[in-house]
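All values derive from a computational prediction rather than experimental measurement.
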Amino acid sequence: MGYNLLNGKRGIIFGALNEMSIAWKVAEKAVEEGAQITLSNTPMAIRMGDVNQLGQKLGAEIIAADATSVEELEMVFKKSMEVLGGKIDFVLHSIGMSPNVRKKRTYDDLDYDMLNKTLDISAISFHKMIQAAKKLEAINEYGSILALSYVAAQRTFFGYNDMADAKSLLESIARSFGYIYGRESHVRVNTISQSPTMTTAGSGVKGMDKLYDFANRMSPLGNASADECADYCIVMFSDLTKKVTMQNLYHDGGFSSMGMSLRAMNAYEKGLEEYMDENGKIIYG
């Protein structure tokens, strides 16, 4: 049941791939709450994923674009304003990918060309997106721009690799651009630091199943689901949060405030054999 929190608003959702995607859930709930939206992803993601199915379901136009290309991002904003009939009220950046993670390169053996791609796709694209929107004056006053982050931006997590660097940069961009965009145009920019979530991208992180279990044991409220994250995004898009900006907002069941829980302590009795090489050395990367 919707609450009409986004009634009459226009939005762009970047990064929906399939039903596992947080962006997919956000798109569904945004329309349920009364918004009109467009969807954007890379041409390959649109071919490989189920975005066309989502677009048909929601009556949303799909705009293929490479989020690392300023020209293509400008095209997305221009076309979205044309299709939706006015300036944009909210934008979701749900984009993240690490070639080093995909190729199983450990953090102390990164390929730097791949690191540059990680940062460009997962973080710098956020800056390009905001800069394109600002230059085009595409966002309405008190509009809301959100990106999805993770607590690895502040703390070290085994296996999260160079995506941690990307999330740190992502959050810094939200603060730096949030000041400028807020002061000049009253547009708010925030990040949401979500629990480990079994999305297509998240599942590729080394040891993700164990990280998910550990976070669930640590969090007093348990892990936040993709659906629950979508609810939080809707609130951040709505007029209920008009004065919230430049924040990294934790949505993790309390994980980020915990030191150790009883349930997590019980898991420490297990050995480390599966993380050892043939010589018995633990691989920490």
Ser193 and His251: side chain donor to acceptor below 3.5 Å: no

Rounding to 0.5 Å, atoms CD1 (Ile88) and CD1 (Ile12) come to a distance of 4.0 Å

Here the gap from Asn18 atom CG to Asp50 atom CG, rounded to the nearest 0.5 Å, amounts to 6.0 Å

Could Lys117 and Asp113 be called an ion pair, given the rule that one side-chain N must be under 4.0 Å from one carboxylate O?
no

Can you check whether Met236's main-chain N or O pairs, donor with acceptor, with Thr241's side chain at less than 3.5 Å? yes

**Item:** Main-chain N/O of Phe90 paired with Ser144 side-chain donor or acceptor, under 3.5 Å
**Value:** no

Rounded to the nearest 0.5 Å, the SG atom of Cys233 sits from the CG atom of Leu249 at a distance of 10.0 Å

Pairing donors with acceptors under 3.5 angstrom, does anything connect the side chains of Gln154 and Tyr250? yes

CG of Asn161 to NZ of Lys103, rounded to nearest 0.5 Å, is 14.0 Å

>> side chain to side chain contact (heavy atoms under 4.5 Å, CB included), that's the test. Do Leu136 and Lys78 meet it? Break it down for me.
In response: CA-CA 8 Å; Leu136 291 170; Lys78 289 176 182 176; 3.6 Å; yes

Interatomic distance, OG@Ser176 vs CD@Glu171, rounded to 0.5 Å, equals 12.0 Å

Inspect the surroundings of NZ in Lys87 and state if more than 12 heavy atoms from other residues, nucleotides or ligands are less than 6.0 Å away.
yes

| query | Could Lys167 and Tyr150 be counted as a cation-pi pair, given that NZ or CZ must be under 6.0 Å from the ring centre and within 45° of the axis? | reply | no

Using only atom types and a distance under 3.5 Å, with no angle test, would you say the side chain of Thr156 pairs donor to acceptor with the backbone of Ala152?
no

Between Glu74 and Lys135, is there a side-chain N and carboxylate O pair less than 4.0 Å apart?
-> no

Evaluation steps, side chain to side chain contact (heavy atoms under 4.5 Å, CB included), between Phe77 and Ile139
CA-CA 9 Å; Phe77 281 104; Ile139 309 293; 4.1 Å; yes

To the nearest 0.5 Å, atom CD1 of Ile192 lies from atom CG of Asn190 at 8.0 Å

Query raised in the report: Using 4.0 Å as the upper bound for N to carboxylate O, is an ion pair formed by Asp239 and Lys9?
Result: yes

- Message: In this structure, is the centre-to-centre distance between the rings of Phe126 and Phe177 below 6.0 Å?
- Response: no

